[in-house]
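Please read these numbers as outputs of a predicted model, since none were measured by experiment.
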Amino acid sequence: MKMNESERKEGEAKIAGTKKMMEAVKKGVRTSITFEFKDTKNVLMRCKMSVDDNALKLAGIPWAKRKLMKAAMAIAPSTDKATHRQHGNTIIIDDEGDADTLRLSNDGKCIYGTFEKNVKHKLTRTQ
């Protein structure tokens, strides 16, 4: 069954609203990741997430949804243990069947990778 013009416009408006909310979440949520290589096999990954309430508020995200996001982040695990293996400048982290491939810089001071789809990240060595 085809949509009529008003149904199509209503659907496009909902999609546009959802896209706006997703962009606000991307701008309003900050994630920091730390890898601590314990030895030649084990790695400890730490993830800290924070929410910029004002950015989400300006985007029109209601108070209840902002509180729900904060609560979900508060109960999410912040550390995860995994194993890793290294082949030259490539580091493969095995996290319960889900493998992440990272690339080590030639000087050993940075690790590069891709988080989710098309979100590239660079982690700088601190010690």
Side-chain angles (χ1 to χ4, degrees):
M1 187 168 123
K2 283 189 169 183
M3 291 191 291
N4 63 36
E5 187 65 23
S6 66
E7 290 171 331
R8 187 182 62 75
K9 286 183 179 180
E10 182 181 328
E12 288 174 356
K14 286 181 181 180
I15 290 170
T18 301
K19 283 183 179 180
K20 180 182 175 184
M21 185 180 296
M22 289 173 58
E23 286 299 316
V25 169
K26 283 170 63 175
K27 291 178 183 175
V29 176
R30 179 171 295 268
T31 305
S32 64
I33 300 171
T34 304
F35 288 99
E36 183 179 341
F37 294 91
K38 296 292 198 176
D39 53 36
T40 58
K41 286 186 179 182
N42 298 296
V43 63
L44 180 65
M45 299 175 291
R46 291 184 184 92
C47 180
K48 182 178 178 184
M49 297 179 78
S50 61
V51 177
D52 181 352
D53 200 51
N54 287 330
L56 299 179
K57 186 186 283 187
L58 289 173
I61 296 177
W63 174 85
K65 284 187 180 180
R66 294 193 313 267
K67 291 294 182 187
L68 183 61
M69 287 175 65
K70 288 180 182 180
M73 287 180 198
I75 64 170
S78 61
T79 61
D80 192 15
K81 294 178 182 177
T83 59
H84 70 89
R85 59 190 187 275
Q86 184 174 348
H87 302 286
N89 284 5
T90 302
I91 299 171
I92 300 169
I93 298 177
D94 297 310
D95 184 20
E96 296 178 12
D98 187 24
D100 288 319
T101 303
L102 305 170
R103 187 175 49 82
L104 183 63
S105 64
N106 289 332
D107 62 5
K109 293 186 178 182
C110 297
I111 296 176
Y112 302 90
T114 303
F115 181 69
E116 291 183 1
K117 229 183 195 180
N118 302 321
V119 179
K120 297 182 187 237
H121 60 269
K122 172 184 171 184
L123 302 173
T124 304
R125 185 179 193 162
T126 57
Q127 292 182 14

Within 6.0 angstrom of Arg8 CZ, more than 12 heavy atoms from elsewhere: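 Yes - once you tally the heavy atoms of other residues, nucleotides and ligands closer than 6.0 Å, there are more than 12.
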Single-linkage hydrophobic cluster, 4.5 Å side-chain cutoff, Ile33 and Val43 together: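 Shared cluster, yes.
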Euclidean distance, [Y] [atom2] relative to [X] [atom1], rounded to 0.5 Å:
{"X": "Asn42", "Y": "Phe37", "atom1": "CG", "atom2": "CZ", "answer": "11.0 Å"}
{"X": "Thr34", "Y": "Leu44", "atom1": "OG1", "atom2": "CG", "answer": "9.0 Å"}
{"X": "Ile111", "Y": "Leu123", "atom1": "CD1", "atom2": "CG", "answer": "6.0 Å"}
{"X": "Thr31", "Y": "Met73", "atom1": "OG1", "atom2": "CE", "answer": "7.0 Å"}
{"X": "Thr90", "Y": "Arg85", "atom1": "OG1", "atom2": "CZ", "answer": "10.5 Å"}
{"X": "Ile61", "Y": "Met69", "atom1": "CD1", "atom2": "CE", "answer": "6.0 Å"}

Within-4.5 Å side-chain heavy-atom neighbours: Met45 and Ile93: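 They are in side-chain contact.
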Pairs where residues 40-52 contributes a residue and the test salt bridge (charged side-chain N to carboxylate O under 4.0 Å, His left out) is met, not counting sequence neighbours: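 Output for this query lists Glu36-Arg46.
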Considering all heavy atoms, the nearest Lys122-Cys110 contact: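 Looking at all heavy atoms of both residues, the shortest contact is CE-SG, 3.3 Å.
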Side-chain (Asn89) to main-chain (Arg103) donor-acceptor, under 3.5 angstrom: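 No.
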Side chain to side chain contact (heavy atoms under 4.5 Å, CB included) assessment of Leu102 paired with His84: CA-CA 10 Å; Leu102 305 170; His84 70 89; over 6 Å; no
Sequence neighbours excluded - side chain to side chain donor-acceptor pair (under 3.5 Å) pairs with any residue from residues 63-74: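 Listed once each, the pairs are Asp53-Arg66.
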Lys/Arg-Asp/Glu bridge criterion (N-O < 4.0 Å) met for Lys9, Glu12: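 Salt bridge absent between Lys9 and Glu12.
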